[in-house]
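Report on one structure; see the data block that follows.
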Amino acid sequence: MQIGAQLYTVHNHTKTLEDFSATLKKVADIGYRSVQVSGTCAYEPEWLRDELAKNNLVCAMTHIAPKRIIEETEDVVRQHAVFGCKHIGIGGMPVDMRGTLEGYNEFKKVYLPAAEKMRDLGAKLLYHNHWFEFDKLEGKDVIERILEDFPEDSIDFTLDLGWAAFADKDVLALIDMLKGRLSRIHLKDFADKPADGSIETPAYLRPIFEGKLPYEDYINALSKVGCEYMLVEQDWCYDEDEFECLKRSFENVTSRFPNVK
């Protein structure tokens, strides 16, 4: 397995191509060899290809605007091929489809054909969860429904371990349930909120191994189910430097798991 950086963590530093380029170098200097491209400014695929090569990085996956996946499927796959990426992700259930079975059924109606087309073009659609994907929609949650409705070769899951734990799910059971469909996942850790009320985000996110989640158990389990890339995502770093948070996560994981690079 490899550890990578979800660039959404440093999205405030990727708003221009100049800053994006500098950010890729900083991430590579930490020691990361892979990234997820998400939350950045617009870029040409040839530009990203060259910047990745310059920094000895690979793009393990992306998150892009969900509508592009259904409206520009072939073009999206073609552009990703330029910078060597076959794994293209949805960051979560589109807002207008959340929270109801009718919304999920509309999601299935439009994204299943796109997922199958991507598969036929040699790419793979990935679905990333937040906590609300685990709310029941008439007895089954979104993850359970996707498992039933989308063929195994058409979609994988970017299981966000932190949000799954935040939703009070048994993360180890989820890893086992989704084995074989977890080539790329998100590492996210959180701690109890300070009593002073200073943290207003849904969860108090911390670098990996600096929160309360049992990451020794999680990573050991991931090593057995075909996971290739574990991507660190810390949505909020509060008053701490985002690159320092990425560095601490990298060092905390690789010092405990020397085979993870």
Side-chain angles (χ1 to χ4, degrees), residues 1 6 36 38 60-74 76-77 80 85-188 217-218 221-231 233:
M1 291 190 298
Q6 207 312 31
Q36 175 182 334
S38 176
M61 65 173 291
T62 66
H63 279 168
I64 65 170
K67 281 191 175 182
R68 291 197 64 207
I69 290 171
I70 55 176
E71 296 176 358
E72 307 169 34
T73 312
E74 293 183 5
V76 163
V77 173
H80 278 68
C85 180
K86 296 182 178 181
H87 293 78
I88 303 164
I90 296 174
M93 184 64 64
V95 174
D96 60 343
M97 298 176 181
R98 292 179 188 172
T100 66
L101 182 57
E102 291 75 18
Y104 169 78
N105 285 335
E106 180 63 19
F107 171 83
K108 177 176 69 173
K109 178 182 175 182
V110 294
Y111 283 96
L112 178 53
E116 292 177 329
K117 180 182 284 190
M118 287 174 61
R119 174 199 62 200
D120 295 343
L121 292 169
K124 176 64 73 77
L125 181 64
L126 303 179
Y127 187 94
H128 167 265
N129 64 278
H130 295 83
W131 62 93
F132 47 78
E133 270 88 1
F134 296 105
D135 294 340
K136 296 294 185 181
L137 304 177
E138 299 188 21
K140 297 178 183 177
D141 63 41
V142 166
I143 304 303
E144 292 169 325
R145 290 186 179 278
I146 291 176
L147 272 175
E148 288 186 359
D149 295 336
F150 285 67
E152 184 171 349
D153 61 359
S154 71
I155 196 168
D156 280 349
F157 296 89
T158 307
L159 181 64
D160 190 305
L161 308 186
W163 287 138
F166 184 73
D168 291 326
K169 300 299 293 185
D170 182 333
V171 174
L172 295 177
L174 268 175
I175 290 171
D176 184 64
M177 182 177 78
L178 299 175
K179 60 188 174 186
R181 302 178 78 165
L182 293 176
S183 67
R184 285 133 174 85
I185 63 89
H186 279 182
L187 303 181
K188 181 181 275 97
D217 296 337
Y218 291 176
L222 288 167
S223 70
K224 301 173 183 177
V225 297
C227 182
E228 299 173 17
Y229 291 94
M230 304 184 298
L231 299 151
E233 182 179 48

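If you read the sequence from its start, that first residue is 1, and numbering goes on from there.
Side-chain contact of H186 with H128: a donor-acceptor pair under 3.5 Å is present, judged by distance alone.
Note on R98 versus E133: no salt bridge recorded, every NZ/NE/NH1/NH2 to OD/OE distance being 4.0 Å or above. K179 has a carboxylate O that lies under 4.0 Å from a charged side-chain N of D176, or vice versa, which qualifies the two as a salt bridge. Salt-bridge formation is not detected for the pair E71/K67: no Lys NZ or Arg NE/NH1/NH2 atom is positioned less than 4.0 Å from an Asp or Glu carboxylate oxygen.
Minimum interatomic distance between L147 and L178 (heavy atoms only, all atoms of both residues): CD1-CD2, 3.7 Å. T73 approaches A114 most closely through the heavy-atom pair CG2-O, 4.0 Å. Shown here for P151 and D149, the closest heavy-atom pair between the two residues is CD-O, 3.8 Å. Residues E116 and S154 approach most closely at CG-CB, 4.3 Å, considering heavy atoms. Of all the heavy atoms in F134 and A164, the pair that sits closest is CE1-CA, 3.7 Å. For C85 against H87, the heavy-atom pair with the smallest separation is SG-O, 3.3 Å.
Interatomic distance, OG of S183 versus CG of L222, reported as 11.5 Å (0.5 Å rounding). For the atom pair CG (D217) and CG (L172), the distance works out to 6.0 Å, reported to the nearest 0.5 Å. Interatomic distance, CD1 of I64 versus CD1 of I90, reported as 8.5 Å (0.5 Å rounding). Atoms OG1 and CD, on T100 and E138 in that order, are 9.0 Å from each other to the nearest 0.5 Å. Of the inter-residue distances, the one linking M61 atom CE with Q6 atom CD reads 7.5 Å to the nearest 0.5 angstrom. Atom OG of S223 and atom CE of M1 lie 5.0 Å apart (nearest 0.5 Å).
Residues I69 and M118 are in side-chain contact: their nearest non-hydrogen atoms beyond the backbone lie under 4.5 Å apart. W163 is listed as a side-chain neighbour of K188, based on a closest heavy-atom distance under 4.5 Å. The side-chain heavy atoms of I175 and I185, taken from C-beta on, include no pair separated by under 4.5 Å. The shortest side-chain heavy-atom distance between L187 and Y218 does not fall under the 4.5 Å cut-off. Taking 4.5 Å as the limit, every side-chain heavy atom of T62 sits out of range of all side-chain heavy atoms of Q36. Put simply, the side chain of D141 does not reach to within 4.5 Å of the side chain of L137, judged on heavy atoms. At a threshold of 4.5 Å between non-hydrogen side-chain atoms, the residues L126 and F157 do not count as touching. Looking at heavy atoms from C-beta onward, K108 lies in side-chain contact with F150 at the 4.5 angstrom threshold.
Residue-environment remark: NZ (K224) stays at or below the threshold of 12 foreign heavy atoms within 6.0 Å.
Aromatic ring centres of F107 and Y127: separated by under 6.0 Å.
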(message) Checking D160 against E233 for the side-chain contact (heavy atoms from CB on, under 4.5 Å) test, could you report, in this order, the C-alpha distance in whole Å, the side-chain angles of both residues, the deciding distance, and whether it holds?
(response) CA-CA 9 Å; D160 190 305; E233 182 179 48; 3.3 Å; yes
(request) Would you please test E74 and L121 for side-chain contact (heavy atoms from CB on, under 4.5 Å) and show each step? (result) CA-CA 8 Å; E74 293 183 5; L121 292 169; 3.8 Å; yes
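Using modelled atom types, no side-chain atom of Y104 and backbone atom of V142 make a donor-acceptor pair closer than 3.5 Å.
Here the rule is salt bridge (charged side-chain N to carboxylate O under 4.0 Å, His left out) with E228, and of K124, R181, R184 only R184 fits it.
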